[in-house]
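In listed order, ligands and their atoms are each counted from 1. As a basis for the values below, the full set of heavy atoms in this structure was taken, side chains included, without hydrogen atoms, waters or symmetry mates.
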Amino acid sequence: MLPRHLIDLADASVEDWNEITRLAGEIKKHPSYYSSACHGRILATLFYEPSTRTQMSFQTAMLKLGGSVIGFDDPANSSVSKGESLKDTIRVVSGYADIIAMRHPAPGAAKAASLYSRVPIVNAGDGGHLHPTQTLADLVTLRNEKGRYDHLTIGLCGDLHNGRTVHSLIKAMSRFEGNRFVLISTPNLRVPPYILRILEQSGCPYQEVDSLAEAMAELDVLYMTRIQQERFASEEEYLAQKGVYVLDKEKMALAKDDLIVLHPLPRVDEIAVEVDDDPRMKFFEQTEYGLYARMALILKMLEDKKYVDPQPQDQGHCCENPRCITRREVYIPRVFRMENDHEICDYCEE
Ligand code: NCD
């Protein structure tokens with residue numbers, strides 16, 4: 001059974017993921033069967049950060065299920081601009097809506113929101129941390145385009161440090177047998193330590209490499225990502241990373257015939273337009289699968305469930321990550337867990 005809130009896909013079981021991807025396939029085949037399934041229900045989309053696909057696909061998903069949509073896509077147009085706390089916004093909106101999809105620039109924000117919500121919270125991206133519903137879209141794409149989740153050599157390329165889609169995808173794919181990861185980035189943009197810990201614990205082999213061209217021939221899946229400009233401290237630091245990786249015809253010529261190339265989008269310059277018509281490019285299909293994945297997720301999350309969320313006990317001291325939601329909204333109970341003698345913040349995982 002799905003957890004009440006979807007903060008991290010790893011909180012749900014592989015059976016839950018399979019059930020959602022299966023249901024997504026059913027909805028794609030028979031959309032009319034589901035066109036009133038959420039009649040009378042309301043989705044709130046609270047987007048504190050820009051979005052095209054995620055926000056519109058959540059909204060379209062609810063509309064196609066016969067429900068309605070409220071929300072904001074620019075905090076400047078909401079009471080957030082007047083200084084309202086996350087806690088107050090969530091308390092109010094959870095009195096209006098049946099489910100909330102939320103995107104926020106601070107890692108851990110969706111988890112923090114779940115402490116104050118009367119309805120399910122779906123994490124639609126929390127800073128550079130996680131993006132579980134993009135991973136659901138990726139899983140549906142893999143199921144349809146590759147036919148399996150296991151025994152794949154998966155290359156992830158670009159901003160592996162700040163790319164939340166990368167973190168959620170690695171967390172998910174490391175749960176399946178026989179997967180191998182090739183992590184392609186500059187030394188400055190390697191995956192964060194908590195992702196390496198997950199890979200170590202999973203036993204999946206992985207390599208951290210610099211060259212995309214050298215990795216191409218062995219890959220079954222290539223997940224390209226943009227350099228996340230908005231997460232850099234300065235323009236100079238961003239410019240030093242921009243344009244390092246470009247997937248073009250020359251590199252595609254080195255790849256397997258049955259490679260699939262995914263990208264959560266938006267693309268900037270990391271996939272040359274000249275390869276758009278190569279049949280191995282699946283990123284536009286991926287956006288469509290994402291719609292069905294979100295329809296299936298909304299349906300599942302609105303199934304009648306009664307839960308009592310555990311009330312976290314404040315552990316007193318501060319998370320050291322300056323970006324963590326607990327540093328912005330200081331009333332949130334500070335919670336840590338121990339892993340290999342390290343204290344890990346329960347919100348941002350740093
Ligand atoms: C991604 C995101 O917002 O994390 N896009 C998306 O949700 N499809 C990727 C990105 O912004 O680079």
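Among protein residues, T54, R103, H131, Q134, R164, T165, R226, Q228, P264, L265, P266 come within 4.0 Å of ligand 1, judged on heavy atoms.
Residues satisfying the side-chain hydrogen bond (donor to acceptor under 3.5 Å, both in side chains) test with S168, not counting sequence neighbours, are none. In terms of the side-chain hydrogen bond (donor to acceptor under 3.5 Å, both in side chains) criterion, residue partners of Y206 (sequence neighbours excluded) are, by chain and number, E200.
Other members of the hydrophobic cluster containing M216, listed by chain and number, are V182, I184, V209, L212, L219, L222, M224, V244, Y245, L247, M252, L254, L259, V261, L265, I271, V275, M281, F283, F284; membership follows side-chain contacts under 4.5 Å among ILVMFWY residues, whether direct or relayed.
Under a 3.5 Å cut-off, the side chain of D159 and the backbone N or O of R226 do not form any donor-acceptor pair.
R294 forms a cation-pi arrangement with F58, by the criterion of a distance under 6.0 Å to the ring centre and an angle within 45° of the ring axis.
The pair R53-E288 does not count as a salt bridge, with every side-chain nitrogen at least 4.0 angstrom from each carboxylate oxygen.
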